[in-house]
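For reference, the structure is listed below as structure tokens.
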Amino acid sequence: MTDFIHRFEPATSAGSPPLLLLHGTGGDENDLLGLGKMISPGSALLSPRGRVLEHGMPRFFRRLAEGVFDEDDVRRRTVELGEFIADSRRRYGIAAPIAVGFSNGANIAAALLLLQPDVLAGAILLRAMVPLSEPPEASLNGEPVLLLSGQADPIVPASNSTKLAALLSEAGARVDHKVLPAGHQLSQADVTLARSWISDVEAKAA
Ligand code: MLT
């Protein structure tokens, strides 16, 4: 089993879906706890720290340059993260989580969807890119995905996020892709949209 340094906060409301919080480059397990509470108060929060270090900055997989990924490492680290999620579900008694990933965290969440479609119950991908140049054919069976991109994102070209939305849709995900008047950083609109998307997902599951 691969362990990750992580934080876990139990649910305070039985009906709320557990969230898997995945931080961006240089972040850690504490970064997205506040965001998780804002978008789904009451959800259990599982928040691992990426195990790869780039000049001391935690990440979820290695990259060769900005936006150029070591895809063997993406595949390997995605398996490790999938094992951690399965183990945490047993340890903490939680259902399959909805991932909430930002930047590098969103990219590994996208890799999880494509490589291990059964691990997540859905995903909110904040400033995500296509994680693999040749992804396998995944079967996402209507899994809900919210993809929020920044119109002026200097790291993620519009063509890349559009391609990711298409890949996930072709794999059978129910993708809601919105392009916000923002850059790579998150804005208030991300929080508002993520919050109402989660409420809809919850209402449909109830
Ligand atoms: C990545 O490496 O995953 C992307 O370039 C986003 C980032 O972490 O800067």
Side-chain angles (χ1 to χ4, degrees), residues 2 4-6 19-36 46-82 84-85 97-116 119-120 123-136 138 145-168 171 173 175 177-187 189-191 194:
T2 310
F4 283 67
I5 294 170
H6 67 279
L19 303 184
L20 172 75
L21 304 173
L22 300 167
H23 63 78
T25 301
D28 68 20
E29 66 281 11
N30 300 304
D31 274 28
L32 298 186
L33 293 173
L35 177 68
L46 176 64
S47 186
R49 183 191 301 181
R51 290 162 47 88
V52 168
L53 286 180
E54 183 184 274
H55 309 298
M57 296 186 296
R59 288 176 50 83
F60 287 95
F61 56 82
R62 267 179 244 288
R63 65 179 161 184
L64 308 173
E66 193 169 271
V68 185
F69 303 148
D70 174 342
E71 295 200 11
D72 288 341
D73 198 59
V74 174
R75 289 172 191 273
R76 191 163 50 238
R77 303 290 176 178
T78 302
V79 171
E80 283 181 5
L81 185 59
F84 166 75
I85 296 165
I98 292 182
V100 180
F102 167 61
S103 190
N104 181 245
N107 296 342
I108 194 131
L112 265 173
L113 289 169
L114 294 166
L115 295 171
Q116 300 197 36
V119 167
L120 298 173
I124 298 178
L125 307 176
L126 305 166
R127 312 296 184 269
M129 303 177 69
V130 174
L132 294 163
S133 49
E134 286 174 26
V145 176
L146 176 64
L147 173 60
L148 297 180
S149 306
Q151 190 189 1
D153 189 331
I155 297 176
V156 186
S159 56
N160 192 300
S161 52
T162 306
K163 186 168 167 203
L164 177 60
L167 266 177
L168 293 170
V175 180
H177 183 199
K178 291 197 165 48
V179 181
L180 309 180
H184 197 66
Q185 292 314 310
L186 299 181
S187 66
D190 289 276
V191 178

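Start at 1 and go down the list; that is how both ligands and their atoms are numbered.
- Taking CZ from Arg75 and CG from Leu115, the interatomic distance works out to 5.5 Å, rounded to the nearest 0.5 Å.
- The nearest heavy-atom contact from the protein to atom 8 (O) of ligand 1 is Thr25 OG1, 2.5 Å.
- Taking each of Arg59, Glu54, Glu66 in turn, the one with a heavy atom nearest to atom 2 (O) of ligand 1 proves to be Arg59.
- Taking CG of Leu35 as the start and CG of Leu186 as the end, the distance is 6.5 Å to the nearest 0.5 Å.
- Taking a 4.0 Å cut-off on heavy atoms, Arg127 fails to register as neighbouring ligand 1.
- Contact annotation: Phe69 has at least one heavy atom less than 4.0 Å from an atom of ligand 1.
- At least one N/O-N/O distance between Asn104 and ligand 1 falls below 3.5 Å.
- Using a 4.0 Å cut-off between charged nitrogen and carboxylate oxygen, Asp73 and Arg76 count as a salt-bridge pair.
- Under a cutoff of 6.0 Å and an axis angle of 45°, Arg51 and Phe4 form a cation-pi pair.
- Scanning the protein for heavy atoms near atom 6 (C) of ligand 1, the closest one is Ser103 OG, 3.2 Å.
- A donor-acceptor contact shorter than 3.5 Å links the side chain of Asn104 to the backbone of Phe60.
- In this structure, atom 5 (O) of ligand 1 lies nearest to the protein heavy atom Arg63 NH1, 3.3 Å.
- Ranking the protein heavy atoms by distance from atom 4 (C) of ligand 1 puts Asn107 ND2, 3.5 Å first.
- Under a 3.5 Å cut-off, the side chain of Glu29 and the backbone N or O of Ile5 do not form any donor-acceptor pair.
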